[in-house]
> 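What follows is a single structure, and I will ask about it in a moment.
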Amino acid sequence: MIREILEMLIGAGSSLGGLFILVILFVSAVKVVPEYQRAVVFRLGRLIAAKGPGLVLVIPFVDRVLRVDLRVVTLDVPVQEVITRDNVPIKVNAVVYFRVMDPSRSMVEVENYIMATSQLSQTTLRSVIGRAELDEVLSARDKINQELQQIIDERTDPWGIKVSAVEVKELELPEGMKRAMARQAEAERERRAKVINAEGEFQAAERLTEAAHLMEKSPVTLQLRYLQTLREVASEKNSTTIFPLPIDLVKPFLERHLFSEAKEQETRASGEGH
């Protein structure tokens, strides 16, 4: 009786053990891959395919599954110290946006595609900034970003990676260069102010010349201008009032005085000649 019970327990244990092994094999054979991932399957070390998303069946203990994320990766490029073409040392960093387009190549062609892209971005950033002048780096930021994106994208294409954008984030200049640029900007503003002032004086001179020609044609206009000036001075409640004296009143006396001086000089010259 006891022997029969032991045989039944052994049989039940064997059945449970077999069922447990089947459950483990089933769990190992079924993989659930999300929409944003792909499962790269290697069978006995050989690449089979990139499967997913959804339910993926593999052979347990034979197939090896590596998951690859297809979402956009934001890669921060560390600060790089670069000397520009005009020998100005600057510190610059950037950010790279890329995603995996071919999961199989990203696993086979490169050991760690994120690390490889990071190192490539650092060397490319130093190379591109080193070929440009400081003014170009400051003003043509879009052009430099496009050049960085094109170079990195071409070199990562064999890895199955697509670089969508590269942006230069921060640019740190030496303190001496900052002061020099501040002085340059101040001098530029002063130059513009002087040019604007000179243009205003020139336009004012042109208007005054036109007004003088009009007053020359009509002398009464000058008298009216005198009266208007007196009115403006009187409206300010000043204790002193200035009356302008027309030049036409003094002109005859000046001409007579000059004529008499000329006569005297002629008389003296004739007397000395005799």
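Just so it is clear, the values below take in all heavy atoms, side chains as well, and ignore hydrogens, waters and symmetry mates.
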> Judged by atom type as modelled, is there a donor-acceptor pair below 3.5 Å linking the side chain of S127 to the main-chain atoms of T124?
no

> Taking the side chain from D157 and the backbone from D153, do they hold a donor-acceptor pair closer than 3.5 Å?
no

> Any side-chain heavy-atom pair from I59 and R43 closer than 4.5 angstrom?
yes

> Does atom CD of E133 have more than 12 heavy-atom neighbours from other groups under 6.0 Å away?
yes

> Quick check on side chain to side chain contact (heavy atoms under 4.5 Å, CB included): which of L171, V92, L148 does I129 satisfy it with?
V92

> Please check if the number of heavy atoms outside L66 that lie under 6.0 Å from its CG is greater than 12.
yes

> Any chance CD of E111 has more than 12 other-residue heavy atoms, nucleotides or ligands included, within less than 6.0 Å?
no

> Any salt bridge between R38 and D69, counting N to O under 4.0 Å?
no

> Out of V72, T74, V73, which one pairs with F98 under the side chain to side chain contact (heavy atoms under 4.5 Å, CB included) rule?
V73

> Under 4.5 Å between side-chain heavy atoms, counting indirect links through other Ile/Leu/Val/Met/Phe/Trp/Tyr residues: same cluster for L75 and V166 or not?
yes

> Quick test of your reading of the model: are K143 and E147 salt-bridged, counting only N-O distances below 4.0 Å?
no

> Is there a donor-acceptor contact under 3.5 Å from the side chain of N197 to the main chain of A193?
no

> Apply side chain to side chain contact (heavy atoms under 4.5 Å, CB included) to residues M101 and I161 and explain how you reach the verdict.
CA-CA 5 Å; M101 303 300 294; I161 294 174; over 6 Å; no

> Can you tell me how far the CG atom of N93 sits from the CD atom of Q122, to the nearest 0.5 Å?
11.0 Å

> Would you confirm whether R99, through its side chain, and L70, through its main-chain N or O, come within 3.5 Å as a donor-acceptor pair?
yes

> Could you tell me if the side chain of R85 sits less than 4.5 Å from the side chain of R131, heavy atoms only?
no

> A side-chain contact here means heavy atoms from C-beta on lying under 4.5 Å apart; do V65 and V40 qualify?
no

> Quick one: does F42's side chain get under 4.5 Å of V108's, heavy atoms only?
yes

> Please say whether more than 12 non-hydrogen atoms of neighbouring residues, nucleotides or ligands are located less than 6.0 Å from CD in E206.
yes

> Distance from K51 atom NZ to S104 atom OG, nearest 0.5 Å?
11.5 Å

> Please walk me through it: do E172 and I90 pass side chain to side chain contact (heavy atoms under 4.5 Å, CB included)?
CA-CA 6 Å; E172 183 178 352; I90 60 175; over 6 Å; no

> Between T117 and W159, does the side chain to side chain contact (heavy atoms under 4.5 Å, CB included) criterion hold? Intermediate values first, please.
CA-CA 10 Å; T117 305; W159 305 340; 4.1 Å; yes

> Roughly how far apart are D86 CG and E136 CD, rounded to 0.5 Å?
10.0 Å

> What's the verdict on side chain to side chain contact (heavy atoms under 4.5 Å, CB included) for E190 and E186, showing C-alpha distance, side-chain angles and the deciding distance?
CA-CA 6 Å; E190 291 180 356; E186 184 178 358; 3.8 Å; yes

> Do the side chain of Q203 and the main chain of E201 share a donor and acceptor less than 3.5 angstrom apart?
no

> Would you call E35 and R71 a salt bridge, using N to O less than 4.0 angstrom?
no

> Verify, without hydrogens or angle tests, whether D76 (side chain) and V95 (backbone) share a donor-acceptor contact under 3.5 angstrom.
no

> Using a 6.0 Å cut-off, check whether atom CD of E81 has over 12 heavy atoms from anything other than its own residue.
no

> For R67, does the CZ atom have more than 12 heavy-atom neighbours from other residues, nucleotides or ligands under 6.0 Å away?
yes

> Hey, what do you get for CG (L173) to NZ (K91), rounding to the nearest 0.5 Å?
11.5 Å

> Side-chain contact, heavy-atom cut-off 4.5 Å: V68 with M107?
yes

> Following the transitive rule for hydrophobic clusters with a side-chain heavy-atom cut-off under 4.5 Å over Ile, Leu, Val, Met, Phe, Trp and Tyr, establish whether I48 and L57 coincide in one cluster.
no

